[in-house]
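Every value quoted in this text rests on a predicted model; they were computed, and no experiment measured them. Below, chains carry the letters A, B, ... as their sequence lines are ordered, and counting in each starts from 1.
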There are 2 protein chains.
Amino acid sequence: MNRKTREKFEARARIIKSMGHPTRLFIVDELSRGERCVCELTDMIGADVSTVSKHLTVLRHSGIVQDEKRGSQVFYSLTVPCVLNFFDCVESVLKARIKKQMGMI
Amino acid sequence: MNRKTREKFEARARIIKSMGHPTRLFIVDELSRGERCVCELTDMIGADVSTVSKHLTVLRHSGIVQDEKRGSQVFYSLTVPCVLNFFDCVESVLKARIKKQMGMI
DNA sequence: TGCCTATTTGGCTAAATTGCCAATTGATCT
DNA sequence: AGATCAATTGGCAATTTAGCCAAATAGGCA
């Protein structure tokens, strides 16, 4: 794998990786239903605000979410709706895995 | 976030996370063109066989790939084709990011 | 101005990840 | 059986990640 190819996959892996954490995946799922402020997300998640804020920073840096400051609050939303396709596919993987475990394949 | 919800997102995040590494993403991309043995993948990637083997174990455990032993070789293939949708979406995220950087949004 | 709320940043520790080498296992071939 | 190739596993050091607390920053309001 040459340098250019490696860089290409590194850039793409970083985006996927940013969703590869339960809390961040929860955030993406929640934002798929509309924008949310940090305080709302923090309440739902039940972790320290600073922790949630850092997770949001990861998602923002990867380009999956964007933020908008309004008053004293910061609202986050998805930049691209297609990330929801991920969920459907993940379900397929889970289903296939269960089928295999049951010896149906 | 209650226990059940957390577990749900943990299971899904584990699948996504397994693709969140340049080498493993490369493997998924390569397998989208057909099954490959460990030795072929190792040649392409240019890392130690043991490293590649461990990456394949991660992907296998998450259910994204399956293995089949034939003779002295082990062939890997995708279990579910939809993982390719990930690539399209990742491209969209990258494009949106570039647009934003250029001040077009 | 001073207080309160919302959010981010710094710092620190614990845990997880990665990649290499060495050793092991398993199949093939002579 | 012995040699060889393919792949996995164990072990270890270096790096990265996660989450909490404390501190800093910023807006809104009395």
Measure from [atom1] on [X] to [atom2] on [N] and round the result to the nearest Å.
{"X": "A/Phe75", "N": "C/dA6", "atom1": "CZ", "atom2": "P", "answer": "11 Å"}
{"X": "A/Gln73", "N": "D/dG27", "atom1": "CD", "atom2": "C1'", "answer": "11 Å"}
{"X": "A/Asp67", "N": "C/dT7", "atom1": "CG", "atom2": "P", "answer": "11 Å"}

Can you name the closest pair of heavy atoms from [X] and [Y] and give their distance?
{"X": "A/Thr42", "Y": "A/Ala47", "result": "CG2-O, 3.5 Å"}
{"X": "A/Ser62", "Y": "A/Ile15", "result": "O-CG1, 3.7 Å"}
{"X": "B/Val80", "Y": "B/Val83", "result": "O-CG2, 3.5 Å"}
{"X": "A/Tyr76", "Y": "A/Leu56", "result": "CE1-CD1, 3.7 Å"}
{"X": "B/Ala13", "Y": "A/Pro22", "result": "CB-N, 3.5 Å"}

Looking at DNA chain D, which of residues 6-16 of chain B put a heavy atom within less than 4.0 Å of it?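 Residues of residues 6-16 of chain B that come under 4.0 Å of DNA chain D do not exist, since none gets that close.
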
Residue-level proximity of residues 39-65 of chain B to DNA chain D when a heavy atom falls under 4.0 Å: B/Cys39, B/Val49, B/Ser50, B/Ser53, B/Lys54

I'd like to compare against my own output: the B/S/- annotation of nucleotides 23-30 of chain C with a strict under-4.0 Å heavy-atom distance to protein. ----SS--

Just to be sure I understand the geometry, which residues of residues 26-34 of chain B put a non-hydrogen atom under 4.0 Å away from DNA chain C?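 The stretch gives none, as no residue of it lies under 4.0 Å from the strand.
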
Between C/dG19, D/dT17, D/dT8, which nucleotide has the shortest distance from any of its atoms to the side chain of B/His21? C/dG19

Polar side-chain atom of A/Thr79 near backbone of A/Ile64 as donor-acceptor pair, under 3.5 Å: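 Yes, because the side chain of A/Thr79 sits within donor-acceptor range (under 3.5 Å) of the backbone of A/Ile64.
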
Is there a side-chain contact between A/Leu94 and B/Arg12 in this structure, where contact means two heavy atoms from C-beta onward sitting under 4.5 Å apart?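 They are in side-chain contact.
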
Check this for me: does any side-chain nitrogen of one of B/Glu35 and B/Arg70 sit under 4.0 Å from a carboxylate oxygen of the other? yes

Salt bridge flag under 4.0 Å for residues B/Glu7 and B/Arg3: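 Result for this pair is yes, salt bridge flagged.
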
So A/Tyr76, base contact, sugar-phosphate only, or nothing? Heavy-atom distance under 4.0 Å. sugar-phosphate

Not counting sequence neighbours, list each pair that qualifies as a ring pair (Phe, Tyr, Trp, His ring centres under 6.0 Å) and has a residue in residues 15-52 of chain B.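 Qualifying pairs, neighbours excluded: A/Phe9-B/Phe26, B/His21-B/His55.
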
Nearest 0.5 Å, what's the CG-OG distance between B/Asp67 and B/Ser53? 10.0 Å

Calculate, to the nearest 0.5 Å, the distance between atoms CZ and CG belonging to B/Arg24 and B/Asp29 respectively. 15.0 Å

Who passes salt bridge (Lys or Arg N to Asp or Glu O under 4.0 Å) against A/Arg97, sequence neighbours left out?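 Salt bridge (Lys or Arg N to Asp or Glu O under 4.0 Å) check on A/Arg97 returns nothing, list empty.
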
